[in-house]
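These numbers were taken from a predicted model, which means no experiment stands behind them. Order of appearance sets the numbers: ligands from 1, and atoms from 1 within every ligand.
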Amino acid sequence: MGRLAASILAADLAHLADEVKPIEPYADIIHIDIMDGHFVPPIALGTVVVASLRPWTTSELHGHLMVEAPEAHLEGLADAGLDVVSFHHEAVGDPEPVIAKARAAGMRTGVTLNLETPVEATFSYLDQLDDIMLMSIRPGWSGQELNPDVYPRIEAIRDEVDRRGLTIDVEIDGGVKVENAQRAVDAGATVLVSATGIFGATDKVEAARTLKEIASGGRASLPAREGTA
Ligand code: DX5
Ligand code: ZN
């Protein structure tokens with residue numbers, strides 16, 4: 001069953017617990033964007049935010065590391081209460097030792113891909129992952145439009161994951177809203193990450209409820225293939 005991840009980057013961070021509480025019934029995962037000002041231009045959030053939020057929610061905490069040296073932060077994040085950690089394929093030379101280190105620190109582990117990185121880049125270590133996340137925007141900022149190039153990329157990962165019989169989460173991150181969420185699920189995403197789609201909505205609870213419903217409803221149809229659309 002698909003799940004919803006609420007990305008707090010677009011929340012009112014001065015009242016973070018109050019922002020998270022009302023949507024918690026629908027947000028299986030709280031997605032925390034951690035940026036170092038090097039891998040992406042902005043700096044944002046970090047270990048202290050994970051530690052601050054941990055006592056206020058029972059939802060899974062997922063850290064999306066947009067940092068150049070993820071391995072330096074893994075133990076601190078695990079100690080702060082992070083359940084799942086994702087780092088970028090593009091940020092490391094060899095992802096395998098970083099995956100091993102994250103697991104040794106006690107976290108479920110994922111890799112994230114920018115739109116420009118071929119999904120096949122993950123195939124040599126896909127079996128070692130709990131989660132693969134495909135960016136549908138340029139990382140660093142919330143509030144951008146989803147790039148539809150992500151859909152065939154999700155389909156390609158989904159095909160490979162299914163072909164191998166893996167049960168890992170396939171996430172889409174960026175520009176996900178009520179209007180385009182079903183398309184992402186139909187492509188094969190099992191976790192929808194949304195910041196502005198929830199925290200920028202007039203009715204945040206209703207937006208979270210609808211997105212959760214779409215995520216958990218699963219694929220409405222198989223993706224259209226060339227020649228069959
Ligand atoms: C961007 C972050 C996303 C962001 C999504 O670097 O990884 O998680 O918060 O924001 P929206 O949903 O507004 O595109
Ligand atoms: Zn993110």
Undergrad: Check ligand 1 against M135 and write out every atom of the ligand that is under 4.0 Å from a heavy-atom position of the residue.
TA: 7 (O)
Undergrad: Specify the protein heavy atom at minimum distance from atom 10 (O) of ligand 1: its residue, its atom name, and the distance to 0.1 Å.
TA: S142 CB, 3.1 Å
Undergrad: In the protein, what heavy atom is nearest to atom 6 (O) of ligand 1, and what distance, to one decimal place, separates them?
TA: G140 N, 2.7 Å
Undergrad: With distance as the sole test, does K21 use its side chain to make a donor-acceptor pair with the main-chain N or O of W56 at under 3.5 Å?
TA: yes
Undergrad: I'd like to check which ligand 1 atoms, numbered from 1 as shown, lie under 4.0 Å from a non-hydrogen atom of W141.
TA: 1 (C), 6 (O)
Undergrad: Among all protein heavy atoms in this structure, tell me which lies nearest to atom 4 (C) of ligand 1, with the distance rounded to 0.1 Å.
TA: D33 OD2, 3.6 Å
Undergrad: Quick check: does S194 get an N/O under 3.5 Å from an N/O on ligand 1?
TA: no
Undergrad: Measure the CG-CD1 distance between L45 and I32 for me, rounded to the nearest 0.5 Å.
TA: 7.5 Å
Undergrad: Answer side chain, backbone, both or neither: which part of I137 comes under 4.0 Å from ligand 1, heavy atoms only.
TA: side chain
Undergrad: Below 4.0 Å from any atom of ligand 1, is there a heavy atom belonging to R138?
TA: no
Undergrad: Considering heavy atoms of the protein only, find what lies nearest to atom 5 (C) of ligand 1 and give residue, atom and distance to 0.1 Å.
TA: D173 OD1, 3.7 Å
Undergrad: Charged N to carboxylate O under 4.0 angstrom, R163 versus D159?
TA: no
Undergrad: Could you tell me whether E155 and R219 have a side-chain N and a carboxylate O separated by less than 4.0 Å?
TA: no
Undergrad: Please work out whether the ring planes of H64 and H88 are parallel, tilted or perpendicular, with thresholds of 30° and 60°.
TA: parallel
Undergrad: May I ask you to check whether over 12 heavy atoms, not counting those of E75, lie within 6.0 Å of atom CD?
TA: no
Undergrad: Would you say G143 contacts ligand 1, with heavy atoms under 4.0 Å as the rule?
TA: yes
Undergrad: For ligand 1, which atoms sit closer than 4.0 Å to a heavy atom of L9?
TA: 9 (O)
Undergrad: Can you find an N/O atom of P139 closer than 3.5 Å to an N/O atom of ligand 1?
TA: no
Undergrad: Taking both backbone and side-chain atoms of G174, is any N or O found less than 3.5 Å from an N or O belonging to ligand 1?
TA: no
Undergrad: From the N, O or S atoms in H64, identify the one nearest to the Zn ion (ligand 2).
TA: ND1
Undergrad: Can you name the N, O or S atom of D173 that is closest to the Zn ion (ligand 2)?
TA: OD2
Undergrad: Going by atom types alone, do D173 and S136 pair a side-chain donor with an acceptor below 3.5 Å?
TA: no
Undergrad: Please list, in number order, the atoms of ligand 1 under 4.0 Å from a heavy atom of H64.
TA: 7 (O)
Undergrad: With nothing but distance in play, are any N or O atoms of A195 less than 3.5 Å from an N or O of ligand 1?
TA: yes
Undergrad: What's the atom name of the N, O or S in H31 nearest to the Zn ion (ligand 2)?
TA: NE2
Undergrad: Nearest 0.5 Å, please: how far is CD1 in I34 from CD1 in I43?
TA: 13.0 Å
Undergrad: How far does CZ of F87 sit from CG of L77, to the nearest 0.5 angstrom?
TA: 13.0 Å
Undergrad: Any chance you could measure D28, atom CG, to T58, atom OG1, to the nearest 0.5 Å?
TA: 10.5 Å
Undergrad: Take D149 and R153 through the test salt bridge (Lys or Arg N to Asp or Glu O under 4.0 Å) and record every step on the way to the result.
TA: CA-CA 7 Å; D149 290 350; R153 293 168 53 74; over 6 Å; no
Undergrad: Can you report which non-hydrogen protein atom sits closest to atom 14 (O) of ligand 1, along with the distance?
TA: G175 N, 2.7 Å
Undergrad: Could you tell me if R3 sits above the aromatic ring of Y26, with its cationic atom closer than 6.0 Å to the ring centre and no more than 45 degrees from the axis?
TA: no
Undergrad: Would you mind checking which non-hydrogen protein atom is closest to atom 13 (O) of ligand 1, with the distance to 0.1 Å?
TA: T196 OG1, 2.4 Å
Undergrad: Checking side chain to side chain contact (heavy atoms under 4.5 Å, CB included) against H62, which of E171, R108, M107 comes through?
TA: E171
Undergrad: Is there a side-chain contact (heavy atoms from CB on, under 4.5 Å) between V111 and D131? Walk through the geometry before answering.
TA: CA-CA 7 Å; V111 163; D131 185 290; over 6 Å; no
Undergrad: Restricting to N, O or S, what is the name of the atom of D33 that lies nearest the Zn ion (ligand 2)?
TA: OD1
Undergrad: Q144 to ligand 1: N or O pair under 3.5 Å?
TA: no
Undergrad: Show me which atoms of ligand 1 lie under 4.0 Å from any heavy atom of H31.
TA: 8 (O)
